[in-house]
Asks: 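The structure follows.
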Number of protein chains: 2
Amino acid sequence: MRRPAKTPPAGRRSAKPRPAPAAKPYHHGDLRRVLIEAAMQLVGEGGPEAVSVREAARRAGVSPGAPFRHFPSRDALINAVAEEAQRRFRAEIQAALADAPPGDPLGRFRCLGIAYLRWAMKNPTHFEIISSRRFFDHDRSAGVSSDNAELIGLSERTLAEALSAGQLGTRDLKQVQIAGRALVYGFARMHIDGHLPRWGVGEAEAERMAADIVDLFIAGIAKRSAAPAAKV
Amino acid sequence: MRRPAKTPPAGRRSAKPRPAPAAKPYHHGDLRRVLIEAAMQLVGEGGPEAVSVREAARRAGVSPGAPFRHFPSRDALINAVAEEAQRRFRAEIQAALADAPPGDPLGRFRCLGIAYLRWAMKNPTHFEIISSRRFFDHDRSAGVSSDNAELIGLSERTLAEALSAGQLGTRDLKQVQIAGRALVYGFARMHIDGHLPRWGVGEAEAERMAADIVDLFIAGIAKRSAAPAAKV
DNA sequence: CAATCCGTGTAATCGATGCTTACATTCACA
DNA sequence: TGTGAATGTAAGCATCGATTACACGGATTG
(Lines give C-alpha, C1' and ligand atoms only; values in the text may rest on other atoms or scores of the structure.)
Protein backbone atom coordinates (compact mmCIF):
# COMPACT_ATOMS: atom_id res chain seq x y z
CA MET A 1 0.00 0.00 0.00
CA ARG A 2 0.85 3.65 0.02
CA ARG A 3 2.25 4.83 -3.23
CA PRO A 4 5.87 5.90 -3.63
CA ALA A 5 4.92 9.50 -4.43
CA LYS A 6 7.61 10.75 -6.76
CA THR A 7 7.89 14.14 -5.13
CA PRO A 8 10.47 13.73 -2.42
CA PRO A 9 12.31 16.99 -1.84
CA ALA A 10 10.61 19.40 -4.19
CA GLY A 11 8.69 22.52 -3.37
CA ARG A 12 8.78 23.19 0.31
CA ARG A 13 8.45 26.64 1.81
CA SER A 14 5.05 27.71 0.65
CA ALA A 15 4.76 30.90 2.69
CA LYS A 16 3.51 30.03 6.12
CA PRO A 17 5.96 31.30 8.73
CA ARG A 18 5.18 34.80 9.82
CA PRO A 19 8.58 36.05 11.03
CA ALA A 20 11.41 35.81 8.53
CA PRO A 21 11.17 34.21 5.08
CA ALA A 22 14.81 33.27 5.45
CA ALA A 23 16.22 29.84 6.30
CA LYS A 24 13.74 27.15 7.26
CA PRO A 25 12.58 27.84 10.79
CA TYR A 26 12.40 25.05 13.28
CA HIS A 27 8.72 25.54 13.81
CA HIS A 28 6.57 25.31 10.78
CA GLY A 29 4.02 27.95 11.62
CA ASP A 30 0.77 26.34 10.61
CA LEU A 31 1.56 22.73 10.07
CA ARG A 32 -1.88 21.44 10.90
CA ARG A 33 -3.49 23.51 8.20
CA VAL A 34 -0.83 22.63 5.64
CA LEU A 35 -1.14 18.94 6.46
CA ILE A 36 -4.86 19.02 5.86
CA GLU A 37 -4.31 20.78 2.56
CA ALA A 38 -1.69 18.27 1.53
CA ALA A 39 -3.99 15.43 2.52
CA MET A 40 -6.88 16.96 0.56
CA GLN A 41 -4.59 17.17 -2.41
CA LEU A 42 -3.66 13.51 -1.97
CA VAL A 43 -7.31 12.57 -1.80
CA GLY A 44 -7.91 14.51 -4.97
CA GLU A 45 -5.07 12.73 -6.69
CA GLY A 46 -5.59 9.13 -5.70
CA GLY A 47 -8.61 8.83 -3.49
CA PRO A 48 -8.82 8.45 0.26
CA GLU A 49 -6.50 5.50 0.49
CA ALA A 50 -3.75 7.38 -1.27
CA VAL A 51 -3.43 9.49 1.84
CA SER A 52 -0.23 8.71 3.66
CA VAL A 53 0.97 10.52 6.73
CA ARG A 54 4.54 10.38 5.52
CA GLU A 55 3.68 11.80 2.15
CA ALA A 56 1.71 14.63 3.69
CA ALA A 57 4.69 15.35 5.92
CA ARG A 58 6.96 15.21 2.91
CA ARG A 59 4.88 17.75 1.06
CA ALA A 60 4.84 19.98 4.09
CA GLY A 61 8.63 19.71 4.25
CA VAL A 62 8.59 18.19 7.66
CA SER A 63 9.78 15.00 9.35
CA PRO A 64 7.63 11.85 9.24
CA GLY A 65 6.80 12.03 12.91
CA ALA A 66 5.72 15.65 12.98
CA PRO A 67 2.12 15.13 11.84
CA PHE A 68 1.49 13.00 14.89
CA ARG A 69 1.79 16.12 17.01
CA HIS A 70 -1.36 17.34 15.31
CA PHE A 71 -3.22 14.16 14.47
CA PRO A 72 -3.12 11.12 16.73
CA SER A 73 -3.50 8.79 13.77
CA ARG A 74 -3.81 8.66 10.03
CA ASP A 75 -7.53 8.24 10.46
CA ALA A 76 -7.69 11.49 12.37
CA LEU A 77 -6.00 13.26 9.49
CA ILE A 78 -8.45 11.78 7.04
CA ASN A 79 -11.22 12.79 9.36
CA ALA A 80 -10.07 16.38 9.21
CA VAL A 81 -10.09 16.19 5.45
CA ALA A 82 -13.61 14.80 5.55
CA GLU A 83 -14.79 17.61 7.79
CA GLU A 84 -13.42 20.18 5.41
CA ALA A 85 -14.99 18.47 2.41
CA GLN A 86 -18.34 18.10 4.13
CA ARG A 87 -18.30 21.78 5.07
CA ARG A 88 -17.75 22.79 1.46
CA PHE A 89 -20.38 20.38 0.26
CA ARG A 90 -23.00 21.71 2.61
CA ALA A 91 -22.12 25.30 1.77
CA GLU A 92 -22.60 24.70 -1.93
CA ILE A 93 -25.89 22.90 -1.52
CA GLN A 94 -27.26 25.64 0.67
CA ALA A 95 -26.09 28.30 -1.74
CA ALA A 96 -27.80 26.54 -4.61
CA LEU A 97 -31.03 26.30 -2.66
CA ALA A 98 -30.82 29.97 -1.76
CA ASP A 99 -30.83 30.74 -5.47
CA ALA A 100 -33.88 28.60 -6.13
CA PRO A 101 -37.28 30.26 -6.48
CA PRO A 102 -39.09 30.45 -3.13
CA GLY A 103 -42.43 29.19 -4.38
CA ASP A 104 -42.68 25.72 -5.98
CA PRO A 105 -41.23 23.49 -3.21
CA LEU A 106 -41.03 20.55 -5.55
CA GLY A 107 -38.90 22.61 -7.88
CA ARG A 108 -36.66 23.42 -4.94
CA PHE A 109 -36.44 19.74 -4.10
CA ARG A 110 -35.31 19.19 -7.63
CA CYS A 111 -32.65 21.89 -7.29
CA LEU A 112 -31.41 20.10 -4.20
CA GLY A 113 -30.85 16.95 -6.20
CA ILE A 114 -29.17 18.77 -9.05
CA ALA A 115 -26.84 20.66 -6.74
CA TYR A 116 -26.00 17.46 -4.90
CA LEU A 117 -25.05 15.71 -8.10
CA ARG A 118 -23.17 18.65 -9.49
CA TRP A 119 -20.89 18.86 -6.48
CA ALA A 120 -20.45 15.11 -6.24
CA MET A 121 -19.44 14.83 -9.86
CA LYS A 122 -17.12 17.79 -9.68
CA ASN A 123 -15.39 16.56 -6.54
CA PRO A 124 -15.58 12.79 -6.83
CA THR A 125 -12.83 11.86 -4.41
CA HIS A 126 -13.94 14.29 -1.77
CA PHE A 127 -17.48 13.11 -2.17
CA GLU A 128 -16.30 9.60 -1.68
CA ILE A 129 -14.48 10.39 1.51
CA ILE A 130 -17.57 11.88 3.11
CA SER A 131 -19.77 9.07 1.87
CA SER A 132 -18.04 5.77 2.30
CA ARG A 133 -17.62 5.07 5.95
CA ARG A 134 -14.62 2.93 5.27
CA PHE A 135 -12.38 5.92 5.64
CA PHE A 136 -13.80 7.39 8.76
CA ASP A 137 -16.82 7.12 10.97
CA HIS A 138 -19.38 9.82 10.35
CA ASP A 139 -20.86 9.56 13.76
CA ARG A 140 -17.53 10.07 15.45
CA SER A 141 -17.12 13.45 13.87
CA ALA A 142 -19.42 16.11 15.27
CA GLY A 143 -18.67 18.45 12.39
CA VAL A 144 -19.46 16.06 9.59
CA SER A 145 -22.40 14.61 11.42
CA SER A 146 -24.10 17.92 12.08
CA ASP A 147 -23.44 19.24 8.58
CA ASN A 148 -24.99 16.10 7.23
CA ALA A 149 -27.96 16.25 9.55
CA GLU A 150 -28.57 19.77 8.38
CA LEU A 151 -28.71 18.67 4.77
CA ILE A 152 -31.08 15.85 5.63
CA GLY A 153 -33.31 18.28 7.48
CA LEU A 154 -33.27 20.64 4.53
CA SER A 155 -34.41 17.89 2.26
CA GLU A 156 -37.13 16.78 4.64
CA ARG A 157 -38.50 20.27 5.08
CA THR A 158 -38.55 20.98 1.38
CA LEU A 159 -40.39 17.79 0.65
CA ALA A 160 -42.89 18.44 3.43
CA GLU A 161 -43.60 21.82 1.90
CA ALA A 162 -44.20 20.19 -1.45
CA LEU A 163 -46.72 17.90 0.20
CA SER A 164 -48.49 20.81 1.84
CA ALA A 165 -48.59 22.60 -1.48
CA GLY A 166 -50.33 19.60 -2.96
CA GLN A 167 -47.53 18.88 -5.39
CA LEU A 168 -46.97 15.26 -4.40
CA GLY A 169 -48.81 12.21 -5.61
CA THR A 170 -47.97 10.20 -2.51
CA ARG A 171 -48.08 10.82 1.21
CA ASP A 172 -45.30 8.58 2.38
CA LEU A 173 -42.60 11.20 2.66
CA LYS A 174 -40.07 8.86 4.18
CA GLN A 175 -40.17 6.56 1.19
CA VAL A 176 -39.84 9.44 -1.23
CA GLN A 177 -37.05 10.87 0.87
CA ILE A 178 -35.03 7.68 0.90
CA ALA A 179 -35.72 6.87 -2.72
CA GLY A 180 -34.62 10.32 -3.76
CA ARG A 181 -31.47 10.07 -1.76
CA ALA A 182 -30.75 6.60 -3.08
CA LEU A 183 -31.20 7.88 -6.61
CA VAL A 184 -28.74 10.75 -6.37
CA TYR A 185 -26.30 8.88 -4.17
CA GLY A 186 -26.42 5.95 -6.53
CA PHE A 187 -25.83 8.07 -9.60
CA ALA A 188 -22.99 9.93 -7.91
CA ARG A 189 -21.36 6.66 -6.98
CA MET A 190 -21.91 5.21 -10.43
CA HIS A 191 -19.99 8.19 -11.72
CA ILE A 192 -17.23 7.85 -9.15
CA ASP A 193 -16.98 4.11 -9.49
CA GLY A 194 -16.78 4.31 -13.25
CA HIS A 195 -20.02 2.50 -13.98
CA LEU A 196 -21.46 5.05 -16.36
CA PRO A 197 -19.47 4.08 -19.45
CA ARG A 198 -20.79 0.53 -19.08
CA TRP A 199 -24.28 1.98 -19.23
CA GLY A 200 -23.57 3.96 -22.33
CA VAL A 201 -23.13 7.29 -20.62
CA GLY A 202 -19.99 9.16 -21.59
CA GLU A 203 -18.31 11.82 -19.55
CA ALA A 204 -19.83 14.55 -21.69
CA GLU A 205 -23.39 13.35 -21.22
CA ALA A 206 -23.09 12.58 -17.54
CA GLU A 207 -24.25 15.92 -16.25
CA ARG A 208 -27.17 15.99 -18.61
CA MET A 209 -28.12 12.47 -17.61
CA ALA A 210 -27.92 13.45 -13.97
CA ALA A 211 -30.48 16.18 -14.53
CA ASP A 212 -32.65 13.84 -16.57
CA ILE A 213 -32.94 11.17 -13.95
CA VAL A 214 -33.72 13.72 -11.29
CA ASP A 215 -36.50 15.04 -13.52
CA LEU A 216 -37.73 11.53 -14.13
CA PHE A 217 -37.92 10.96 -10.42
CA ILE A 218 -39.63 14.26 -9.74
CA ALA A 219 -42.19 13.51 -12.44
CA GLY A 220 -42.75 10.11 -10.85
CA ILE A 221 -43.60 11.50 -7.44
CA ALA A 222 -45.48 14.59 -8.61
CA LYS A 223 -49.23 14.74 -8.43
CA ARG A 224 -50.48 13.78 -11.87
CA SER A 225 -52.89 16.65 -12.34
CA ALA A 226 -50.63 19.28 -10.85
CA ALA A 227 -48.50 21.55 -12.94
CA PRO A 228 -45.08 20.03 -13.43
CA ALA A 229 -42.19 21.40 -11.45
CA ALA A 230 -40.51 24.21 -13.30
CA LYS A 231 -37.38 23.14 -15.07
CA VAL A 232 -34.81 25.69 -14.01
CA MET B 1 -2.44 -0.64 7.37
CA ARG B 2 -3.22 -4.34 7.36
CA ARG B 3 -4.57 -5.56 10.61
CA PRO B 4 -2.54 -7.78 12.94
CA ALA B 5 -4.87 -10.76 12.47
CA LYS B 6 -4.71 -12.62 15.78
CA THR B 7 -4.72 -16.04 14.19
CA PRO B 8 -1.09 -16.85 13.63
CA PRO B 9 -0.46 -20.58 13.85
CA ALA B 10 -3.92 -21.99 14.46
CA GLY B 11 -5.85 -24.37 12.26
CA ARG B 12 -3.84 -25.34 9.28
CA ARG B 13 -4.29 -28.62 7.42
CA SER B 14 -7.79 -28.32 6.08
CA ALA B 15 -7.86 -31.38 3.88
CA LYS B 16 -6.35 -30.57 0.56
CA PRO B 17 -3.38 -32.84 -0.17
CA ARG B 18 -4.31 -35.95 -2.04
CA PRO B 19 -1.52 -38.38 -1.09
CA ALA B 20 -1.00 -38.98 2.61
CA PRO B 21 -2.85 -37.19 5.40
CA ALA B 22 0.30 -37.53 7.49
CA ALA B 23 2.91 -34.82 8.11
CA LYS B 24 2.51 -31.60 6.20
CA PRO B 25 3.59 -32.22 2.65
CA TYR B 26 5.88 -29.78 0.95
CA HIS B 27 3.36 -29.05 -1.72
CA HIS B 28 0.02 -27.76 -0.63
CA GLY B 29 -2.20 -29.42 -3.17
CA ASP B 30 -4.67 -26.70 -4.10
CA LEU B 31 -3.22 -23.52 -2.73
CA ARG B 32 -4.78 -21.23 -5.27
CA ARG B 33 -8.29 -22.30 -4.37
CA VAL B 34 -7.60 -22.09 -0.66
CA LEU B 35 -6.08 -18.64 -1.01
CA ILE B 36 -9.17 -17.35 -2.79
CA GLU B 37 -11.34 -18.80 -0.08
CA ALA B 38 -9.22 -17.24 2.63
CA ALA B 39 -9.31 -13.91 0.83
CA MET B 40 -13.09 -14.10 0.45
CA GLN B 41 -13.30 -14.75 4.15
CA LEU B 42 -11.12 -11.73 4.81
CA VAL B 43 -13.33 -9.59 2.60
CA GLY B 44 -16.33 -10.84 4.50
CA GLU B 45 -14.70 -9.95 7.80
CA GLY B 46 -13.25 -6.55 7.16
CA GLY B 47 -14.00 -5.45 3.64
CA PRO B 48 -11.77 -5.45 0.60
CA GLU B 49 -8.94 -3.55 2.16
CA ALA B 50 -8.67 -6.06 4.97
CA VAL B 51 -7.28 -8.50 2.44
CA SER B 52 -3.61 -9.09 3.02
CA VAL B 53 -1.53 -11.56 1.10
CA ARG B 54 0.36 -12.52 4.22
CA GLU B 55 -2.79 -13.18 6.19
CA ALA B 56 -4.22 -15.30 3.42
CA ALA B 57 -0.96 -17.23 3.36
CA ARG B 58 -1.08 -17.55 7.13
CA ARG B 59 -4.57 -19.00 7.00
CA ALA B 60 -3.52 -21.42 4.33
CA GLY B 61 -0.60 -22.47 6.50
CA VAL B 62 1.95 -21.42 3.97
CA SER B 63 4.88 -19.03 3.75
CA PRO B 64 4.34 -15.33 2.94
CA GLY B 65 5.89 -15.67 -0.49
CA ALA B 66 3.92 -18.67 -1.63
CA PRO B 67 0.81 -16.83 -2.83
CA PHE B 68 2.90 -14.96 -5.35
CA ARG B 69 3.34 -18.22 -7.25
CA HIS B 70 -0.39 -18.08 -7.95
CA PHE B 71 -1.12 -14.36 -8.01
CA PRO B 72 1.35 -11.84 -9.35
CA SER B 73 0.10 -9.22 -6.93
CA ARG B 74 -2.32 -8.56 -4.15
CA ASP B 75 -4.61 -6.91 -6.68
CA ALA B 76 -4.70 -10.11 -8.70
CA LEU B 77 -5.82 -12.00 -5.62
CA ILE B 78 -8.55 -9.48 -4.96
CA ASN B 79 -9.50 -9.73 -8.60
CA ALA B 80 -10.01 -13.46 -8.23
CA VAL B 81 -12.23 -12.82 -5.25
CA ALA B 82 -14.21 -10.29 -7.25
CA GLU B 83 -14.70 -12.74 -10.08
CA GLU B 84 -16.05 -15.33 -7.70
CA ALA B 85 -18.36 -12.82 -6.05
CA GLN B 86 -19.64 -11.52 -9.37
CA ARG B 87 -20.32 -15.05 -10.53
CA ARG B 88 -22.46 -15.76 -7.48
CA PHE B 89 -24.23 -12.44 -7.79
CA ARG B 90 -25.16 -13.05 -11.39
CA ALA B 91 -26.29 -16.58 -10.64
CA GLU B 92 -28.64 -15.43 -7.92
CA ILE B 93 -30.14 -12.64 -9.99
CA GLN B 94 -30.78 -14.97 -12.87
CA ALA B 95 -32.31 -17.56 -10.60
CA ALA B 96 -34.65 -14.98 -9.14
CA LEU B 97 -35.73 -13.88 -12.58
CA ALA B 98 -36.31 -17.46 -13.61
CA ASP B 99 -38.84 -17.74 -10.79
CA ALA B 100 -40.67 -14.59 -11.81
CA PRO B 101 -43.92 -14.91 -13.78
CA PRO B 102 -43.28 -14.86 -17.53
CA GLY B 103 -46.00 -12.35 -18.37
CA ASP B 104 -45.92 -8.87 -16.86
CA PRO B 105 -42.45 -7.62 -17.88
CA LEU B 106 -42.67 -4.67 -15.54
CA GLY B 107 -43.24 -7.07 -12.69
CA ARG B 108 -40.15 -8.95 -13.79
CA PHE B 109 -38.22 -5.71 -13.87
CA ARG B 110 -39.32 -5.16 -10.31
CA CYS B 111 -38.14 -8.64 -9.35
CA LEU B 112 -34.78 -7.79 -10.83
CA GLY B 113 -34.45 -4.82 -8.52
CA ILE B 114 -35.60 -6.75 -5.49
CA ALA B 115 -33.19 -9.60 -6.15
CA TYR B 116 -30.37 -7.13 -6.72
CA LEU B 117 -30.97 -5.47 -3.39
CA ARG B 118 -31.49 -8.69 -1.54
CA TRP B 119 -28.11 -10.04 -2.58
CA ALA B 120 -26.33 -6.74 -2.04
CA MET B 121 -27.68 -6.40 1.46
CA LYS B 122 -26.95 -9.98 2.35
CA ASN B 123 -23.39 -9.82 1.03
CA PRO B 124 -22.35 -6.23 1.61
CA THR B 125 -18.61 -6.64 1.47
CA HIS B 126 -18.69 -8.81 -1.60
CA PHE B 127 -21.06 -6.42 -3.24
CA GLU B 128 -18.69 -3.62 -2.50
CA ILE B 129 -15.74 -5.39 -4.03
CA ILE B 130 -17.52 -5.88 -7.33
CA SER B 131 -18.88 -2.35 -7.32
CA SER B 132 -16.22 0.06 -6.22
CA ARG B 133 -13.49 0.14 -8.78
CA ARG B 134 -10.98 1.13 -6.17
CA PHE B 135 -10.22 -2.47 -5.48
CA PHE B 136 -9.89 -3.74 -8.97
CA ASP B 137 -10.63 -2.70 -12.50
CA HIS B 138 -13.79 -4.22 -13.89
CA ASP B 139 -12.71 -3.88 -17.44
CA ARG B 140 -9.47 -5.72 -16.87
CA SER B 141 -11.31 -8.83 -15.79
CA ALA B 142 -13.06 -10.63 -18.60
CA GLY B 143 -15.07 -12.73 -16.17
CA VAL B 144 -16.47 -9.89 -14.13
CA SER B 145 -17.00 -7.74 -17.14
CA SER B 146 -18.98 -10.30 -19.08
CA ASP B 147 -21.07 -11.32 -16.08
CA ASN B 148 -21.89 -7.71 -15.56
CA ALA B 149 -22.70 -7.07 -19.18
CA GLU B 150 -25.08 -9.99 -19.05
CA LEU B 151 -26.95 -8.48 -16.14
CA ILE B 152 -27.15 -5.14 -17.90
CA GLY B 153 -28.51 -6.83 -20.99
CA LEU B 154 -31.06 -8.69 -18.92
CA SER B 155 -32.29 -5.46 -17.46
CA GLU B 156 -32.45 -3.77 -20.84
CA ARG B 157 -34.38 -6.58 -22.45
CA THR B 158 -36.87 -6.77 -19.63
CA LEU B 159 -37.53 -3.08 -19.77
CA ALA B 160 -37.91 -3.15 -23.53
CA GLU B 161 -40.51 -5.87 -23.15
CA ALA B 162 -42.37 -3.72 -20.68
CA LEU B 163 -42.42 -0.92 -23.20
CA SER B 164 -43.70 -3.22 -25.90
CA ALA B 165 -46.40 -4.43 -23.57
CA GLY B 166 -47.49 -0.84 -23.07
CA GLN B 167 -46.67 -0.86 -19.39
CA LEU B 168 -44.43 2.18 -19.40
CA GLY B 169 -45.40 5.81 -19.17
CA THR B 170 -42.25 6.98 -20.87
CA ARG B 171 -40.30 6.00 -23.93
CA ASP B 172 -36.81 6.97 -22.93
CA LEU B 173 -35.61 3.55 -21.87
CA LYS B 174 -32.07 4.66 -21.28
CA GLN B 175 -33.12 7.20 -18.68
CA VAL B 176 -35.34 4.70 -16.92
CA GLN B 177 -32.58 2.15 -17.09
CA ILE B 178 -29.99 4.40 -15.51
CA ALA B 179 -32.37 5.85 -12.96
CA GLY B 180 -33.41 2.37 -11.89
CA ARG B 181 -29.84 1.26 -11.57
CA ALA B 182 -28.90 4.39 -9.66
CA LEU B 183 -31.79 3.78 -7.30
CA VAL B 184 -30.88 0.24 -6.36
CA TYR B 185 -27.16 0.84 -6.42
CA GLY B 186 -27.63 3.90 -4.25
CA PHE B 187 -29.78 2.09 -1.74
CA ALA B 188 -27.37 -0.84 -1.59
CA ARG B 189 -24.49 1.52 -0.96
CA MET B 190 -26.45 3.48 1.62
CA HIS B 191 -26.89 0.19 3.42
CA ILE B 192 -23.25 -0.77 3.08
CA ASP B 193 -21.96 2.66 3.97
CA GLY B 194 -24.14 2.85 7.04
CA HIS B 195 -26.28 5.76 5.90
CA LEU B 196 -29.64 4.19 6.61
CA PRO B 197 -29.71 4.79 10.36
CA ARG B 198 -29.18 8.48 9.70
CA TRP B 199 -32.31 8.39 7.56
CA GLY B 200 -34.33 6.66 10.21
CA VAL B 201 -34.16 3.22 8.69
CA GLY B 202 -33.15 0.50 11.13
CA GLU B 203 -31.63 -2.81 10.18
CA ALA B 204 -34.96 -4.55 10.62
CA GLU B 205 -36.84 -2.26 8.26
CA ALA B 206 -34.13 -2.07 5.64
CA GLU B 207 -35.35 -4.94 3.51
CA ARG B 208 -38.91 -3.69 3.62
CA MET B 209 -37.78 -0.20 2.69
CA ALA B 210 -35.78 -1.64 -0.19
CA ALA B 211 -38.91 -3.19 -1.61
CA ASP B 212 -40.89 -0.02 -1.01
CA ILE B 213 -38.59 2.26 -2.93
CA VAL B 214 -38.47 -0.18 -5.81
CA ASP B 215 -42.25 -0.17 -5.87
CA LEU B 216 -42.29 3.60 -5.70
CA PHE B 217 -40.00 3.74 -8.68
CA ILE B 218 -41.98 1.20 -10.64
CA ALA B 219 -45.16 3.12 -9.96
CA GLY B 220 -43.45 6.28 -11.13
CA ILE B 221 -42.49 4.86 -14.51
CA ALA B 222 -45.62 2.79 -15.09
CA LYS B 223 -48.29 3.95 -17.48
CA ARG B 224 -50.89 5.71 -15.40
CA SER B 225 -53.92 3.98 -16.82
CA ALA B 226 -52.34 0.57 -17.00
CA ALA B 227 -52.85 -2.06 -14.36
CA PRO B 228 -50.15 -1.76 -11.70
CA ALA B 229 -47.35 -4.27 -11.73
CA ALA B 230 -48.24 -7.25 -9.61
CA LYS B 231 -46.65 -7.14 -6.19
CA VAL B 232 -45.11 -10.57 -5.83
C1' DC C 1 13.74 -48.08 -13.17
C1' DA C 2 16.23 -43.98 -12.91
C1' DA C 3 17.42 -39.22 -14.17
C1' DT C 4 15.99 -34.94 -14.93
C1' DC C 5 12.77 -30.94 -15.36
C1' DC C 6 9.82 -27.70 -13.74
C1' DG C 7 5.94 -26.30 -10.87
C1' DT C 8 5.56 -25.04 -6.27
C1' DG C 9 6.92 -23.79 -1.57
C1' DT C 10 10.66 -21.55 1.76
C1' DA C 11 13.90 -18.14 3.55
C1' DA C 12 15.78 -13.91 3.42
C1' DT C 13 15.51 -9.34 2.07
C1' DC C 14 13.98 -4.56 0.42
C1' DG C 15 11.39 -0.41 0.73
C1' DA C 16 7.09 1.42 2.03
C1' DT C 17 3.90 2.39 5.64
C1' DG C 18 1.71 3.83 10.63
C1' DC C 19 3.04 4.74 15.03
C1' DT C 20 6.00 5.36 19.41
C1' DT C 21 9.68 7.10 22.17
C1' DA C 22 13.52 9.99 23.42
C1' DC C 23 15.55 14.16 22.47
C1' DA C 24 16.02 19.04 20.55
C1' DT C 25 14.39 23.53 19.70
C1' DT C 26 11.70 27.58 20.15
C1' DC C 27 7.63 30.23 21.45
C1' DA C 28 4.97 32.48 24.94
C1' DC C 29 4.04 33.77 29.30
C1' DA C 30 5.33 34.75 34.25
C1' DT D 1 14.81 37.15 31.81
C1' DG D 2 13.75 32.26 32.56
C1' DT D 3 11.20 28.48 32.32
C1' DG D 4 7.55 25.30 30.83
C1' DA D 5 4.68 23.79 27.21
C1' DA D 6 4.23 23.24 22.38
C1' DT D 7 6.18 21.52 18.39
C1' DG D 8 9.62 19.46 15.40
C1' DT D 9 13.55 15.72 14.71
C1' DA D 10 15.80 11.17 14.84
C1' DA D 11 15.62 6.61 15.43
C1' DG D 12 13.27 2.49 15.71
C1' DC D 13 9.33 -1.05 15.93
C1' DA D 14 5.86 -3.63 13.61
C1' DT D 15 3.22 -4.62 9.47
C1' DC D 16 2.74 -4.88 4.70
C1' DG D 17 3.64 -6.07 -0.61
C1' DA D 18 6.98 -7.71 -3.53
C1' DT D 19 11.44 -9.85 -5.24
C1' DT D 20 15.15 -13.18 -5.34
C1' DA D 21 17.84 -17.33 -4.54
C1' DC D 22 17.26 -21.75 -3.11
C1' DA D 23 14.90 -26.41 -1.83
C1' DC D 24 11.71 -29.93 -2.57
C1' DG D 25 9.29 -33.47 -5.09
C1' DG D 26 5.78 -35.16 -8.60
C1' DA D 27 5.62 -36.09 -13.44
C1' DT D 28 7.79 -36.89 -17.80
C1' DT D 29 10.96 -39.08 -20.17
C1' DG D 30 15.00 -42.12 -21.77
Side-chain angles (χ1 to χ4, degrees), chain A residues 1-9 12-13 16-20 22-35 38-39 42 46-80 135-136, chain B residues 1-9 12-13 16-20 22-35 38-39 42 46-80 135-136:
Chain A
M1 277 286 132
R2 301 287 96 71
R3 293 291 143 265
K6 283 145 186 159
T7 318
R12 42 176 57 173
R13 317 303 345 288
K16 327 97 191 182
R18 190 56 55 90
K24 173 165 93 164
Y26 189 88
H27 284 91
H28 185 285
D30 194 5
L31 184 53
R32 184 188 161 87
R33 183 81 239 148
V34 173
L35 285 173
L42 287 172
E49 55 212 5
V51 174
S52 119
V53 176
R54 290 179 114 96
E55 178 60 18
R58 223 170 277 136
R59 297 194 176 193
V62 102
S63 79
F68 290 92
R69 292 288 180 193
H70 299 271
F71 303 97
S73 70
R74 170 178 180 269
D75 282 357
L77 172 58
I78 292 187
N79 204 308
F135 307 108
F136 85 108
Chain B
M1 278 286 129
R2 299 288 99 70
R3 296 290 144 265
K6 282 144 189 163
T7 319
R12 41 176 59 174
R13 316 303 345 288
K16 327 96 192 182
R18 192 55 55 88
K24 174 166 93 165
Y26 188 88
H27 286 89
H28 185 285
D30 194 5
L31 184 55
R32 184 189 162 87
R33 185 80 238 148
V34 173
L35 285 173
L42 287 171
E49 55 212 5
V51 174
S52 119
V53 175
R54 291 179 110 95
E55 177 60 17
R58 224 170 276 137
R59 297 194 177 193
V62 103
S63 78
F68 289 92
R69 292 288 179 195
H70 299 272
F71 304 96
S73 70
R74 170 178 179 269
D75 282 357
L77 173 58
I78 292 187
N79 203 307
F135 306 109
F136 85 110

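In this text the structure is predicted, and so the values were computed from the model without any measurement. Hydrogens, waters and symmetry mates play no part in the numbers below; they use all other heavy atoms, side chains included. Every chain is numbered from 1, with letters handed out A, B, ... down the list of sequences.
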Asks: Whole-Å distance between D:dT9 P and A:R58 CZ?
Replies: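 Going from CZ in A:R58 over to P in D:dT9 covers 14 Å.
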Asks: Consider the side chain of B:S52, meaning its heavy atoms from C-beta on, and name the nucleotide among D:dG17, D:dA18, C:dG18 that approaches it most closely.
Replies: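 So the nucleotide nearest the side chain must be D:dG17.
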Asks: Expressed as a whole number of angstroms, how long is the span from B:I78:CD1 to D:dG17:P?
Replies: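 One finds 9 Å between P of D:dG17 and CD1 of B:I78, rounded.
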Asks: Please figure out whether A:R54 or A:S63 has its closest DNA chain D nucleotide nearer the 5' end.
Replies: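 Result: A:S63.
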Asks: Within this structure, what is the CG-CZ distance for the pair A:D75 and A:F135, rounded to the nearest 0.5 Å?
Replies: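 Separation between the atoms: 10.5 Å.
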Asks: Rounded off to whole Å, could you give me the CG-to-P distance for the B:D30 and C:dT8 pair?
Replies: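 Rounded to the whole Å, the gap is 10 Å.
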Asks: Measure the distance from CG on A:L77 to C1' on C:dC19 and round it to the nearest whole Å.
Replies: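 Value for this atom pair: 14 Å.
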Asks: What is the distance, to the nearest angstrom, from the CG atom on A:L31 to the P atom on C:dT25?
Replies: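 Roughly 19 Å, once rounded to whole Å.
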Asks: Nearest whole angstrom, please: distance from the C1' of C:dC19 to the CZ of A:F68.
Replies: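 Roughly 5 Å, once rounded to whole Å.
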Asks: Take atom CZ of A:R59 and atom P of C:dT17, then tell me their distance rounded to the nearest Å.
Replies: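 Spelled out: CZ on A:R59 to P on C:dT17 is 12 Å.
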Asks: State, to 0.1 Å, how close A:A66 and A:L31 come at their nearest heavy-atom pair, and which atoms those are.
Replies: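 Shortest heavy-atom separation between A:A66 and A:L31 comes out as CB-CD2, 4.0 Å.
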Asks: Identify which nucleotide among C:dT10, D:dG17, C:dG18 has an atom closest to any side-chain atom of B:R74, counting heavy atoms from C-beta outward.
Replies: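 The closest nucleotide is D:dG17.
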Asks: Got a second to check how far B:R54's CZ is from B:S63's OG, nearest 0.5 Å?
Replies: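 If I round to the nearest 0.5 Å, the distance is 9.5 Å.
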Asks: D:dT7, C:dT8, C:dC19: which one has an atom nearest the side-chain heavy atoms of B:H70?
Replies: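 Closest nucleotide to the B:H70 side chain: C:dT8.
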Asks: Could you tell me the separation between the CD atom of A:E49 and the CZ atom of A:R74, rounded to the nearest 0.5 Å?
Replies: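 Result: 8.0 Å between the selected atoms.
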Asks: Roughly, in whole Å, what's the span from CZ in A:F71 to P in C:dG18?
Replies: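 In whole Å, C:dG18 P and A:F71 CZ are 14 Å from each other.
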